[in-house]
Each structure stands twice: as structure tokens, then as C-alpha cells.
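Written out below as C-alpha cells is the structure these notes cover.
Each chain gets a letter, A, B and so on, in the order its sequence line appears, and its residues count up from 1.
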Number of protein chains: 2
Amino acid sequence: MRTRDENKEAAIREEAIKMIVKAGFDGLSMQKLAKAADVSPATIYIYFKDREDLIIQLWTGEMEKMAAATLEGFDAAMSFEEGLRVQWMNRANYFMNNQLSMHFMEQIKYSPYENLSRKKMNQTFISIQGEFVHNAIKRKELVKLPLEVYWSVAYAPLYQLVKMHMTGRGLAGRDFKLDDKMMEQTLQLVLKALKP
Amino acid sequence: MRTRDENKEAAIREEAIKMIVKAGFDGLSMQKLAKAADVSPATIYIYFKDREDLIIQLWTGEMEKMAAATLEGFDAAMSFEEGLRVQWMNRANYFMNNQLSMHFMEQIKYSPYENLSRKKMNQTFISIQGEFVHNAIKRKELVKLPLEVYWSVAYAPLYQLVKMHMTGRGLAGRDFKLDDKMMEQTLQLVLKALKP
DNA sequence: TTTATAAAAGAACGAACATTCATTTATATT
DNA sequence: AATATAAATGAATGTTCGTTCTTTTATAAA
């Protein structure tokens with residue numbers, strides 16, 4: 001039998017993400033995607049059940065890559081400050097080096113597809129985060145707070161800054177570029193907020 | 001001549017937002033919208049130039065309402081803590097009471113329509129924010145930082161929490177409900193981070 | 001009451017859509 | 001070398017899309 005050409009699937013995934021980022025979900029046409037990925041429309045349906053399945057698979061694929069990058073060099077037993085710094089920097093670097101992927105994930109996050117994909121979220125990733133926060137609170141290195149509040153204070157500012165950096169525009173449409181100094185300053189503010 | 005029935009435009013706007021929130025931008029069909037708003041497809045084109053114009057007008061309309069609500073009782077000359085608290089609470093209340101609108105705005109924020117709509121952003125709103133931050137830094141009630149860093153630390157956590165509240169799910173798909181106590185706690189953390 | 005005019009409607013347009021069908025092609029196994 | 005089989009294709013399917021055309025309807029001004 002004929003063997004699969006894995007390049008084809010990769011090309012489809014890559015072009016689909018490009019297309020969604022550039023033109024939104026309603027800009028993702030299967031026929032245009034086939035043309036961009038240099039395959040037949042029918043070929044897409046060998047690798048993906050349908051349009052919705054394609055989008056969900058894109059999401060889970062990118063999420064997994066990001067989760068792996070985030071946890072590099074991280075250990076749930078680390079001190080709060082060290083652990084937060086490692087994850088913060090991992091995230092920041094990953095986003096800065098994978099802006100297309102980041103943009104795609106932000107787009108899907110607030111779309112109706114999010115509900116469909118949520119159940120596929122990596123459970124290990126989540127439980128490591130939970131353990132880390134639990135440890136830090138027990139050691140009194142982190143104020144006592146719900147997991148969601150921790151998450152919001154710790155990472156939402158970083159996400160916001162990276163998003164502004166990606167578009168090149170900050171508040172009031174000002175030119176904006178996120179640099180190391182600004183990132184370090186924000187991390188310090190976050191630590192100040194979270195340490196007892 | 002026949003007079004405009006303003007209810008028609010309102011119905012179109014309302015149903016369009018509902019439709020986008022429920023099914024995303026690719027779920028917004030002009031013919032389905034016409035049916036939902038109980039008008040003819042052609043009628044939509046009396047009030048809106050085309051589909052894109054409709055979406056941009058929805059965005060600017062909702063933005064204006066939100067900006068107005070945010071500034072209620074606020075004055076750029078207020079002390080930092082008081083001013084931040086007023087805006088924080090205004091935002092929180094507005095979002096909690098207008099979840100559909102909030103959801104719609106989050107969706108458009110990360111879509112390609114955002115670029116098209118940005119230039120229409122209310123400039124007064126932005127300059128008031130700038131003035132407030134400038135004053136607070138000068139009075140040494142706020143650490144010296146770029147406007148974007150301020151914004152990210154001050155409001156991104158709130159947005160994140162409200163979004164989780166809207167979906168009813170927090171981290172790891174846990175049930176999540178944002179209450180007054182949690183909101184107050186987060187505001188305190190933010191103030192701690194930002195005060196010198 | 002008549003007239004002028006914009007609002008509103010419903011049917012219709014070609015274009016683009018997601019998906020499938022029938023056929024050809026490449027390769028691992030025999 | 002022959003066979004079996006899944007990959008890959010291009011054309012075709014019926015459907016839905018955004019938008020416009022022509023006609024009818026309501027009302028403000030005459």
C-alpha cells in the first residue's frame with residue numbers, strides 16, 4: 001500500500017494556522033487551504049474528519065507544544081520565586097518565538113471551539129500547577145488564595161503584554177515593543193503582589 | 001416618506017451579537033440573522049453597508065457603552081487607590097451585568113476585525129487613563145512604569161477572572177464562580193503590586 | 001388627499017462553501 | 001513481477017453564502 005506523506009499533514013496544519021491568524025475562522029476555507037498546502041481538498045479529509053475536527057486538532061497540538069515548553073526545567077518542588085520565574089520566562093520565550101501559534105491560541109480561546117476542545121486539555125499539566133501552588137502556600141512563600149486568583153495575577157499580565165507586543169500596538173494605539181527590562185519589571189511586580 | 005423603525009436596527013444588533021457569541025464569526029450568516037431579527041435580509045443593508053461594517057459597528061457600539069460605564073464616578077484627579085478602585089469596580093460590575101457584550105468583545109479582540117476597528121477607539125477614554133497614571137506617578141502613589149505595564153498588571157487579572165466566571169470554569173475545568181470576596185482580594189493584590 | 005420618498009420585503013443572483021465520489025498512483029507484502 | 005491496499009487526486013455534489021434587484025408599503029410634506 002501507498003505510505004503516508006507526513007509532510008502533507010504538517011503543511012496542512014501550518015497553512016491552516018496561518019490562514020486563521022490572517023483571516024479568522026470564517027477565513028478558513030477548506031478549498032483555499034488545500035491550495036495553500038498544495039494538496040487536493042480530498043486529501044485534507046484523509047487526515048482530518050472534517051473542518052471542526054481540523055480546528056480542534058490544531059488547538060490540541062499547539063497546546064501540547066506550549067505546555068511542554070512551559071514546564072522545561074520546572075519542578076513542582078521548587079521554591080515559589082524560582083518556580084514562578086522559570087515558568088514565566090519559559091512562557092515569555094515560547095510566545096515570543098512562536099507568535100503565530102500564540103495568536104492562533106488566543107483566537108480559539110474566546111471562540112465557541114474552546115468548549116469542544118477543553119476536555120482534551122492535558123491533565124498532567126494542570127495537576128503540576130496545582131501541586132506547585134499548594135506547596136508554595138504551605139511553605140508560606142505565597143499568600144493563601146484560590147488557584148484561579150493566583151493564575152490571574154501571575155500570568156494574565158504577561159499574556160497581555162505579549163499580545164500587545166505581537167500587534168506592535170499598546171494602549172491608545174501607541175507603538176509598543178516588549179523588551180527584557182519591561183518583562184523583568186512586570187515579573188517583580190507580580191512577585192511583590194504574591195509574596196506574603 | 002416612510003420612517004425608520006429603530007427597533008429593527010436594535011433587533012439586528014442584538015441578534016447578531018447573540019449569534020456571534022454562540023457560533024463565532026463563521027456562524028454569523030446574514031440570512032440567518034435576518035430570520036432571527038425578524039426582518040428581510042435586504043433590510044440589514046439599509047442600516048449596515050455590508051457584513052464587515054455590521055461587525056465593526058457592533059464593536060464600536062459595545063466599546064462605547066463599556067467605556068462610559070467604566071468612567072462613571074471617576075475623575076483623573078482622584079488618588080491612585082481611589083481611582084483604581086472606582087474603575088476596577090465599574091468594570092467588574094459592567095462585565096458581570098453584560099456578559100454577552102463582554103464575550104463578544106473578547107472574541108473580536110483577537111480576531112482580524114480588531115485591526116479594522118482600532119482606529120475608531122474613543123480617544124478621550126484613552127487620554128483620561130494616561131492622565132490618571134501620569135498624576136499618580138508624579139504624586140508617588142504609583143511606581144514608575146510604562147502605561148502598558150500598568151494596564152497589564154492592573155486590569156488583566158480582572159479580565160481573566162471575569163472570563164472564567166462567564167464560562168463557569170476555572171483552571172483544570174474546575175467549577176468557578178467569581179464572588180465579591182475574591183474580587184476584593186485580587187484588587188488588594190494589584191494595589192500591593194503597584195503602590196511604591 | 002395627493003405626492004414624493006425612503007423603508008422594508010421577498011425572490012433571485014452568481015460565487016464560494018464543505019464534503020464526497022470515482023479514479024489513479026505509489027508502495028509494502030506476497 | 002504480481003497483488004493488494006491505502007494515499008492522493010480532480011471533478012462534481014448540493015447547499016449556503018453575501019448581496020442586490022424589483023416591487024410594495026408606510027408616512028412626512030404638499
Side-chain angles (χ1 to χ4, degrees), chain A residues 1-61 104 107-108 111-113 115-117, chain B residues 1-61 104 107-108 111-113 115-117:
Chain A
M1 61 162 188
R2 191 168 176 177
T3 44
R4 280 203 181 194
D5 181 350
E6 298 297 341
N7 295 334
K8 286 209 188 326
E9 191 189 338
I12 293 167
R13 294 184 105 106
E14 193 181 322
E15 294 298 328
I17 289 178
K18 271 192 213 166
M19 209 166 248
I20 290 171
V21 167
K22 197 191 278 181
F25 287 110
D26 46 355
L28 177 73
S29 138
M30 300 302 267
Q31 321 200 69
K32 283 182 186 167
L33 171 58
K35 196 155 284 181
D38 201 28
V39 298
S40 157
T43 304
I44 299 176
Y45 290 85
I46 294 171
Y47 293 92
F48 306 95
K49 196 177 140 288
D50 53 28
R51 187 174 178 275
E52 184 175 298
D53 179 57
L54 166 63
I55 292 173
I56 292 175
Q57 284 205 44
L58 289 177
W59 191 82
T60 53
F104 165 73
Q107 227 168 298
I108 205 166
S111 80
Y113 295 106
N115 291 318
L116 301 170
S117 334
Chain B
M1 62 162 187
R2 190 168 177 178
T3 45
R4 281 202 180 193
D5 181 351
E6 298 296 342
N7 296 333
K8 287 208 189 319
E9 190 189 340
I12 293 167
R13 294 184 106 107
E14 192 181 324
E15 294 298 327
I17 290 178
K18 271 193 211 163
M19 209 167 248
I20 291 171
V21 167
K22 198 191 278 183
F25 287 111
D26 45 356
L28 177 73
S29 137
M30 301 301 268
Q31 319 199 66
K32 284 182 186 166
L33 171 58
K35 195 154 284 182
D38 201 29
V39 298
S40 157
T43 303
I44 299 176
Y45 290 84
I46 293 172
Y47 294 93
F48 305 96
K49 196 177 141 286
D50 53 28
R51 187 174 177 275
E52 186 176 296
D53 179 57
L54 165 64
I55 292 173
I56 292 175
Q57 284 206 43
L58 289 176
W59 191 81
T60 52
F104 164 73
Q107 227 168 298
I108 205 167
S111 80
Y113 296 106
N115 292 318
L116 302 170
S117 334

Under 4.0 Å, counting only non-hydrogen atoms across every strand here, what does [X] touch: a base, just sugar-phosphate, or nothing?
{"X": "F48(B)", "answer": "nothing"}
{"X": "T43(A)", "answer": "base"}
{"X": "L28(B)", "answer": "sugar-phosphate"}

Would you kindly give the [atom1]-to-[atom2] distance between [X] and [N], to the nearest whole Å?
{"X": "R51(B)", "N": "dA16(C)", "atom1": "CZ", "atom2": "C1'", "result": "13 Å"}
{"X": "K8(A)", "N": "dA6(D)", "atom1": "NZ", "atom2": "C1'", "result": "14 Å"}
{"X": "F25(B)", "N": "dC17(C)", "atom1": "CZ", "atom2": "C1'", "result": "20 Å"}
{"X": "L33(A)", "N": "dA18(C)", "atom1": "CG", "atom2": "P", "result": "9 Å"}
{"X": "E52(A)", "N": "dC17(C)", "atom1": "CD", "atom2": "P", "result": "18 Å"}
{"X": "D5(A)", "N": "dA7(D)", "atom1": "CG", "atom2": "P", "result": "12 Å"}
{"X": "Y47(B)", "N": "dA8(C)", "atom1": "OH", "atom2": "C1'", "result": "8 Å"}
{"X": "L54(A)", "N": "dA18(C)", "atom1": "CG", "atom2": "C1'", "result": "12 Å"}

Proximity to the side chain of [X] - top-ranked nucleotide from [options]:
{"X": "R4(B)", "options": "dT27(D), dA7(C), dT19(D)", "result": "dA7(C)"}
{"X": "R2(A)", "options": "dA26(C), dA18(C), dT19(D)", "result": "dA26(C)"}
{"X": "A42(B)", "options": "dG18(D), dA7(D), dC21(D)", "result": "dC21(D)"}
{"X": "S29(B)", "options": "dG10(D), dC17(D), dA8(D)", "result": "dC17(D)"}
{"X": "K32(A)", "options": "dC17(C), dA9(C), dT20(C)", "result": "dC17(C)"}
{"X": "Y45(B)", "options": "dA7(D), dT20(C), dG18(D)", "result": "dG18(D)"}
{"X": "M30(B)", "options": "dT19(D), dA8(C), dA7(D)", "result": "dT19(D)"}
{"X": "T3(A)", "options": "dT19(D), dA28(C), dA8(D)", "result": "dA28(C)"}

### Task
Would you please test L54(A) and L33(A) for side-chain contact (heavy atoms from CB on, under 4.5 Å) and show each step?
CA-CA 11 Å; L54(A) 166 63; L33(A) 171 58; 3.7 Å; yes
Counting C-beta onward and ignoring hydrogens, is there a side-chain heavy-atom pair between [X] and [Y] closer than 4.5 Å?
{"X": "I20(B)", "Y": "L58(B)", "answer": "yes"}
{"X": "R51(A)", "Y": "D26(B)", "answer": "yes"}
{"X": "Y47(B)", "Y": "R13(B)", "answer": "no"}

### Query
Rounded to the nearest 0.5 Å, how far does CE of M30(B) lie from CD1 of I44(B)?
5.0 Å
#### Entry: Whichever of Q31(A) and K49(B) has its nearest DNA chain D nucleotide further upstream toward 5'
Q31(A)
#### Entry: S40(B) vs P41(A), nearer the 5' end of DNA chain C by closest nucleotide
S40(B)
### Message
As a quick check of understanding, evaluate side-chain contact (heavy atoms from CB on, under 4.5 Å) for D38(B) and E15(B), giving each step before the final call.
### Response
CA-CA 10 Å; D38(B) 201 29; E15(B) 294 298 327; over 6 Å; no
